Amino acid sequence: MDPRITALNDELFFIERGWLNGNHLVFTGKPRTLIDTAYIRDLAETESLIAQCGLSIEDVELIVNTHTHCDHIGGNAEFQRRSGCKVALHLVDRYFIDQRNDWATWWGYYQQDAEFFPTHYSLTDGEVLTLGDMNWLVLHTPGHAMGQIALHCLDTGWLVSADTLWGGDFGVLTTRIEGLDAPFRLRESLERLSRLKVQKILPGHGPIINDAPAAIEACLARVDAFLQDPKRMAWDQVRKIMLYVLLMRGPQHREGLWQILIASPWFPETVDMYFGGKMEATFQQSLDYLMERGLVEVDDEERLVCTLPA
């Protein structure tokens, strides 16, 4: 079995992907369920990984999406074509998917590849999703995404945190789409999670987290730093999305990456909002930061390459 797969019990498996693809939770009992379907480009790898857990695409009965960003819903449409499975997601995200609003989902704003899909069930805060003999409390956790949910297993204490919480970090805060109060709403979401009895966290990216209180505390400190200095939040946004562009588009020469950014909706607007319109300086400072930390390297063809796993 692939080392990225962790068996939580006989029917439940956690799959750790990378930073372009969101993690999965695979349930092979009834209903046969997949939580999040990763990025559209990497569907073949998604299929291979869930098959190692004993679940084929054709046998999936239910997809649960933690939110509708491209790295979490990329396989939805193809899964449905091949299996006829249903999709459940928060009622806010369901509304925007049904409206085919690629701005609310970030796809248009960040120029991401994704495909709309039929939806079937609206999940609401406080309801319980039952998978086999496990009961998962649905928690609305906005901040990173307006319709984001976490799932807390009432039987085991496991928490599917999505992009509300990773190991010491969280998903990008995009105030242009999510609102200027996004960091406040993220903080409220984190405080809510801190009050739960969590045995382990199954995040949207990165490995399983066994010390939930420490991870939540680190994220609270990080969002507090963003509130004290909003430019820190903007730098985080620019740097992370630059990495995602390289992961999505592949290696780029410096000029090529620059052209992608200045032609996008998000980069000029973010620089105008937070950095006085100084696009070239913001780009160069961000690139220098990423290269100094080894997150971007230059290959033999003098192209910029993201070193994070996809």
Side-chain angles (χ1 to χ4, degrees), residues 14-25 35-38 64-73 88-94 96 104-106 123-127 129 136-154 156-175 177-227 232-233 236-237 240-241 244:
F14 173 80
I15 303 177
E16 180 185 346
R17 297 296 293 270
W19 297 97
L20 176 59
N21 288 283
N23 294 337
H24 313 281
L25 206 61
I35 297 179
D36 289 340
T37 63
V64 176
N65 287 127
T66 59
H67 56 301
T68 55
H69 295 166
C70 69
D71 52 331
H72 295 264
I73 54 77
L89 65 173
H90 189 267
L91 61 89
V92 170
D93 274 353
R94 184 181 182 190
F96 287 115
T105 60
W106 293 16
L123 298 175
T124 58
D125 185 77
E127 76 172 276
L129 175 69
W136 298 82
L137 179 65
V138 176
L139 301 164
H140 185 208
T141 55
H144 169 66
M146 61 189 79
Q148 182 168 241
I149 58 170
L151 298 168
H152 184 222
C153 187
L154 302 175
T156 65
W158 298 331
L159 176 70
V160 176
S161 64
D163 290 354
T164 307
L165 171 63
W166 308 331
D169 200 1
F170 40 75
V172 168
L173 293 176
T174 304
T175 56
I177 306 297
E178 304 302 324
L180 292 173
D181 64 339
F184 289 96
R185 286 184 287 122
L186 174 60
R187 196 181 202 294
E188 290 172 357
S189 295
L190 290 167
E191 288 177 337
R192 187 179 187 191
L193 297 184
S194 74
R195 294 191 289 270
L196 302 175
K197 294 181 179 179
V198 177
Q199 194 269 335
K200 67 176 60 180
I201 295 174
L202 311 171
H205 298 270
I208 293 172
I209 301 166
N210 291 309
D211 189 343
I216 294 171
E217 188 62 34
C219 287
L220 283 167
R222 186 162 173 78
V223 77
D224 282 344
F226 286 178
L227 286 167
R232 289 187 62 171
M233 177 174 63
D236 184 71
Q237 177 187 359
K240 282 178 177 171
I241 299 301
Y244 272 83

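Here the structure is a predicted model, which is why all the values come from computation and not from measurement.
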Is any side-chain heavy atom of [X] less than 4.5 Å from a side-chain heavy atom of [Y]?
| X | Y | answer |
| --- | --- | --- |
| His152 | Leu139 | yes |
| Trp19 | Lys240 | no |
| Leu186 | Leu173 | yes |
| Pro183 | Met233 | yes |
| Ile201 | Leu165 | yes |
| Leu151 | Leu159 | no |
| Leu202 | Leu25 | yes |
| Gln148 | His90 | no |

How long is the span from the [atom1] atom in [X] to the [atom2] atom in [Y], to the nearest 0.5 Å?
| X | Y | atom1 | atom2 | answer |
| --- | --- | --- | --- | --- |
| Ser194 | Arg187 | OG | CZ | 9.0 Å |
| Leu220 | Ser189 | CG | OG | 10.5 Å |
| Phe14 | Ile35 | CZ | CD1 | 11.0 Å |
| Cys153 | Leu196 | SG | CG | 12.0 Å |
| Phe170 | Ser161 | CZ | OG | 12.5 Å |
| His144 | His67 | NE2 | NE2 | 3.5 Å |

Between [X] and [Y], does any side-chain donor sit less than 3.5 Å from a side-chain acceptor?
| X | Y | answer |
| --- | --- | --- |
| Glu127 | Thr124 | yes |
| Asp163 | His72 | yes |
| Thr141 | Thr164 | yes |

Using the side chain to side chain donor-acceptor pair (under 3.5 Å) rule, collect all pairs that involve residues 199-213, keeping only residues at least two apart or in two chains.
->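 Applying side chain to side chain donor-acceptor pair (under 3.5 Å) to every pair that reaches into residues 199-213, excluding sequence neighbours, yields Asp71-His205, Trp158-Gln199.
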Kindly say whether [Y] contributes a backbone atom to a donor-acceptor pair with the side chain of [X] at under 3.5 angstrom?
| X | Y | answer |
| --- | --- | --- |
| Thr68 | Asp93 | no |
| Asp36 | Gly22 | no |
| Asn65 | Leu89 | no |
| Glu178 | Met146 | yes |

Apply side-chain contact (heavy atoms from CB on, under 4.5 Å) to the pair Leu123 and Val64, showing each step before the final yes or no.
-> CA-CA 9 Å; Leu123 298 175; Val64 176; 4.0 Å; yes
Indicate the atoms forming the closest heavy-atom contact of [X] with [Y], along with that distance.
| X | Y | result |
| --- | --- | --- |
| Ala215 | Trp166 | CB-O, 4.3 Å |
| Val198 | Ala212 | CG1-CB, 3.7 Å |
| Arg17 | Ala38 | NH1-CB, 3.6 Å |
| Gly206 | Pro203 | O-CG, 3.6 Å |
| Cys219 | Gly168 | SG-C, 3.8 Å |
| Arg192 | Asp125 | NH1-OD1, 2.6 Å |

With side-chain contact (heavy atoms from CB on, under 4.5 Å) as the test, would you mind laying out the steps for Leu154 and Trp136 before giving the verdict?
-> CA-CA 6 Å; Leu154 302 175; Trp136 298 82; over 6 Å; no
Can you name the side chain to side chain donor-acceptor pair (under 3.5 Å) partners of Arg185, sequence neighbours left out?
->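 Result, side chain to side chain donor-acceptor pair (under 3.5 Å) vs Arg185: Asp181.
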Salt-bridge present (Arg232, Asp224; N to O < 4.0 Å) =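 Salt bridge between Arg232 and Asp224, a charged N being under 4.0 Å from a carboxylate O: no.
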